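For the numbers below, each heavy atom of this structure counts, side chains included, while hydrogens, waters and symmetry mates do not. As the structure is a computational prediction, the values presented were derived from the model and not from experiment.
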Amino acid sequence: MLTLGELTVLLLAGSLCAWFWHGHGVHEHALKLVRQACLREDVLLLDDNVAFRRLRLLRDRSGRLRLAREYGFEFTVTGEQRHPGRLVLVGRSPAQIELAPHPFREPLDSAEGEAERVVKLDEWRRRHPPQGR
């Protein structure tokens, strides 16, 4: 037979294990959200990982206090510099995704490609005279 004290310890241990198991699922969800954000911003997530930073209480959109997890990650634009990022999850919903200030990549069709696509109207008219007038 289990005593009341042993049962309490067993329930606490089971609850703690369940909480860690749930936290692992939230961590995987956070990693997925950060990967999507990095794709949208055209940056590369470094180490393919997010690191748990802290747990705190935040108010959600309806004003209720909720448990919020904060994760940190690093990303790069050029491959040379690391920049920090931060994700705050309220439950499983992203409350904030922040990327530190970073340089932006030049679009692939930058100044050289633009110069080729510019049409100068006077030159075009000389090469294409109106017909039928």
Does V34 reach the side chain of I97, with side-chain heavy atoms less than 4.5 Å apart?
no
Taken in chain and number order and not counting sequence neighbours, the residues that satisfy side chain to side chain contact (heavy atoms under 4.5 Å, CB included) with L57 are L65, L67
Heavy-atom count check: over 12 atoms from other residues, nucleotides or ligands less than 6.0 Å from L4 CG?
no
If we only count heavy atoms from C-beta on, is the L89 to S93 side-chain gap below 4.5 Å?
no
Kindly compute the distance separating CZ (R69) from CZ (R54), expressed to the nearest 0.5 Å.
14.0 Å
Is there a path of hydrophobic side-chain contacts, each under 4.5 Å between heavy atoms of I, L, V, M, F, W or Y residues, that connects V90 with V26?
no
Please report the interatomic distance CG(L16) to CG(L12), rounded to the nearest 0.5 Å.
8.5 Å
Below 30° counts as parallel, above 60° as perpendicular, anything between as tilted: where do the rings of F75 and H102 land?
perpendicular
Value rounded to 0.5 Å, distance of CZ in R66 from CZ in R61
11.5 Å
Measuring from L10:CG to S15:OG, what's the distance to the nearest 0.5 Å?
9.5 Å
Are the side chain of E123 and the backbone N or O of K120 linked by a donor-acceptor pair below 3.5 Å?
no
Let me have the donor-acceptor pairs involving side chains of residues 42-53, under 3.5 Å, with sequence neighbours excluded, atom names and distances please.
{"unit_1": "D47", "atom_1": "OD2", "unit_2": "R82", "atom_2": "NH1", "d": "3.2"}
{"unit_1": "D48", "atom_1": "OD1", "unit_2": "R35", "atom_2": "NE", "d": "3.0"}
{"unit_1": "D48", "atom_1": "OD1", "unit_2": "R35", "atom_2": "NH2", "d": "3.3"}
{"unit_1": "D48", "atom_1": "OD2", "unit_2": "R35", "atom_2": "NH2", "d": "2.9"}

What is the minimum heavy-atom distance between R86 and F73, and which atoms define it?
N-CE2, 3.3 Å
For R64, check salt bridge (charged side-chain N to carboxylate O under 4.0 Å, His left out) against everything at least two apart and list the hits.
D60
Atom CG in L31, atom CD in Q36: separation rounded to 0.5 Å?
10.0 Å
Under a 4.5 Å cut-off applied to non-hydrogen side-chain atoms, are T8 and T3 in contact?
no
Quick one: are E74 and H83 in side-chain contact, heavy atoms under 4.5 Å?
no
Non-hydrogen side-chain atoms of P94 and L87 separated by less than 4.5 Å
yes
Does a salt bridge link E28 with K32, judged by any charged N lying under 4.0 Å from a carboxylate O?
no
